[in-house]
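Predicted model, so just to flag it, every value in this text is computed and none were measured.
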Amino acid sequence: MKRVIATAAAATVAALLVVGCTPGSGGDAGSSDPKTFEFWSFTGINQKVDVDAYSKAHPDIKVKLTEVGSTTETAQALTTALAGGKVPDLVLIQGDDLPKFMQSPENFVDLSTLGADQKKGDYLDWVMNQSMTEDGKIIGIPTDVGGLAVAYRTDLFKAAGLPTDRDQVSKLWPTWDGFIDAGKKYVQATGKPFVDNTSTSVFFQAVNQGTERYYDANRQLSYDKNPQVKAAFDLALKVHASGITSKITSWSTGWTAGMSKGDFAVVSAPAWMLNAIRTNAPKTNGKWDVATIPGGSGNWGGSYLAIPKRAKNPKAAWDYIAEMQSPEGQLENFLSKGNLPTTPSVYTDPRLVGKTDPFFSDAPVGKIYTESVLGVKPFYIGPDDATIGSELINAIISVEQGKLPPGKAWDTALVNVKNALRG
């Protein structure tokens, strides 16, 4: 689950706070045919699976899917369209991009007018609240969340003399200090790095485990004075100083290759990350497992479906949302693609609780990820969250690459955030 910036490090950050980086094609938006609707999605999440399933169930309906590009590119295309261009009937918006669009709710259909007010109770409150205005309008319906966990290589753990059973592995790191200790033992035994990097696998996980991130409870910017953000940043520097990381930035060529080569044994893995591992390292099938994240819970990721105000076929788009994002629809999506539902009513469904993943040593992924999400302490995500997170991560990447002294990293990050917010 990410932002377009000029440097190579920042380009990777775009992939972090996002998934997928390939530009898509355009196309005429907003069909006038009542049985056809235009759907804009970002790449990397195989939205075509859902569209094909819906089309099979409704052969009289034509869904014209356009994968615009990365989440950032999709948000930019939507911004341009809302300013006067042709809008789609339906659009997928990544969670961290949604707050900017929530500043102008008049650009979207209030989904409560189509029946969303009768369905909002189906979804996790803290997820649903992100897409609701203060006066009760519903701008988007959540499609998934990204409960946190840790994926690890059982073969590499065994070679290092560490336990391989997922419950025993989870007991190695009830805290991030325990994670560092396990990493040191691994490095001492093998002479190889333990974790892929500190920017994504440490900082971005830890900062998403707090009760407040970059905005306070009054929705005012607080990133520069929130002790939880500073603690997560300092934790990343501490892990870097411990010498347990490979310093390979997420979504880089070296990172995807490193999964297969064993360049690291551990990667923090929100629910959607499992598919990235499976795709990038197919020959490691059965060599991975999934353990609890240090701290036990957290969330990274999630998206929303929204209908622009000038959509020509809002009813057709809403029918798609209502069916595909119903509790049963989200459960089926998890079983087929691994996207974690935002509908807690299915969290006790035997199909979800009993879901295992053979690629990850038959890990009970349904149970692991729902328990992680249920422990989340929700916080407000504001319109500049993506920008702030990108700059903080950029600073940590610069430390890992030897371009920035650790002692100057925090102050440099704050200056860069302020400059980015001005620009």
S.K.: Counting only heavy atoms not in K283, do more than 12 fall under 6.0 Å of its NZ?
M.R.: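 No, the 6.0 Å shell around NZ holds no more than 12 heavy atoms from other groups.
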S.K.: Does this structure show an ion pair linking D52 with K56, if we count only N-O contacts that are shorter than 4.0 Å?
M.R.: no
S.K.: Less than 4.0 angstrom from a charged side-chain N to a carboxylate O is my criterion; do K315 and D319 meet it?
M.R.: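 Yes.
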S.K.: Can you tell me if T133 and D135 form a side-chain donor-acceptor pair at under 3.5 Å?
M.R.: yes
S.K.: Which heavy atom of F42 sits nearest a heavy atom of S303, and at what distance?
M.R.: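 Nearest heavy atoms, F42 then S303: CZ-OG, 3.3 Å.
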S.K.: Are the side chain of Q94 and the backbone of S70 linked by a donor-acceptor contact shorter than 3.5 Å?
M.R.: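 The answer is no, because no donor-acceptor pair under 3.5 Å joins these two groups.
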S.K.: Search all heavy atoms of L124 against all heavy atoms of P344 and return the closest pair with its distance.
M.R.: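 In this case the closest contact between L124 and P344 is N-CD, 3.7 Å.
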S.K.: Walk me through whether T143 and N339 qualify under side-chain hydrogen bond (donor to acceptor under 3.5 Å, both in side chains).
M.R.: CA-CA 8 Å; T143 63; N339 293 339; over 6 Å; no
S.K.: So do M259 and T284 actually touch side chain to side chain, heavy atoms under 4.5 Å?
M.R.: no
S.K.: Looking at P270 and L148, what are the two nearest heavy atoms and their distance?
M.R.: CB-CD2, 4.1 Å
S.K.: Looking at K337 and D50, is there a salt bridge between them, counting it only when a charged N and a carboxylate O are closer than 4.0 Å?
M.R.: yes
S.K.: Run the salt bridge (charged side-chain N to carboxylate O under 4.0 Å, His left out) test on R213 and D96 for me, step by step, so that the C-alpha distance in whole Å, both residues' side-chain angles and the decisive distance to 0.1 Å come before the verdict.
M.R.: CA-CA 12 Å; R213 196 166 70 174; D96 274 3; 3.4 Å; yes
S.K.: Would a 4.5 Å heavy-atom cut-off, applied to side chains only, mark L82 and V87 as touching?
M.R.: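 Yes - at least one pair of side-chain heavy atoms lies under 4.5 Å apart.
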S.K.: When you look at CD of E106, are more than 12 heavy atoms from neighbouring residues, nucleotides or ligands closer to it than 6.0 Å?
M.R.: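 Yes, enclosed.
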S.K.: Parallel, tilted or perpendicular: which describes the rings of W176 and F179, with under 30° parallel and over 60° perpendicular?
M.R.: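 Plane angle over 60°, so perpendicular.
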S.K.: Please name the pair of heavy atoms, one in L111 and one in I141, separated by the smallest distance, quoted to 0.1 Å.
M.R.: CD1-CG1, 3.8 Å
S.K.: Looking at K238 and D177, is there a salt bridge between them, counting it only when a charged N and a carboxylate O are closer than 4.0 Å?
M.R.: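 Salt bridge flag = yes for K238 with D177.
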S.K.: Ring-plane angle category for F157 and Y186, please: parallel below 30°, perpendicular beyond 60°, tilted otherwise.
M.R.: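 It falls in the tilted class, 30° to 60°.
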S.K.: Taking all non-hydrogen atoms of both residues into account, name the closest pair between G382 and Y215 and its distance.
M.R.: CA-CE1, 3.3 Å
S.K.: Can a salt bridge be assigned to the pair K100 and D384 using a cut-off of 4.0 Å between side-chain N and carboxylate O?
M.R.: yes
S.K.: Go through the steps for T154 and D289 under the test side-chain hydrogen bond (donor to acceptor under 3.5 Å, both in side chains), then give the verdict.
M.R.: CA-CA 6 Å; T154 55; D289 208 326; over 6 Å; no
S.K.: Answer whether the closest heavy-atom distance between the side chains of F39 and Y320 falls below 4.5 Å.
M.R.: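 With C-beta onward as the side chain, the pair touches.
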S.K.: So do the side chains of F204 and I393 get within less than 4.5 Å of each other, counting heavy atoms only?
M.R.: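 Counting from C-beta outward, F204 and I393 do come under 4.5 Å.
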S.K.: With E323, which residues qualify under salt bridge (Lys or Arg N to Asp or Glu O under 4.0 Å), at least two apart?
M.R.: none
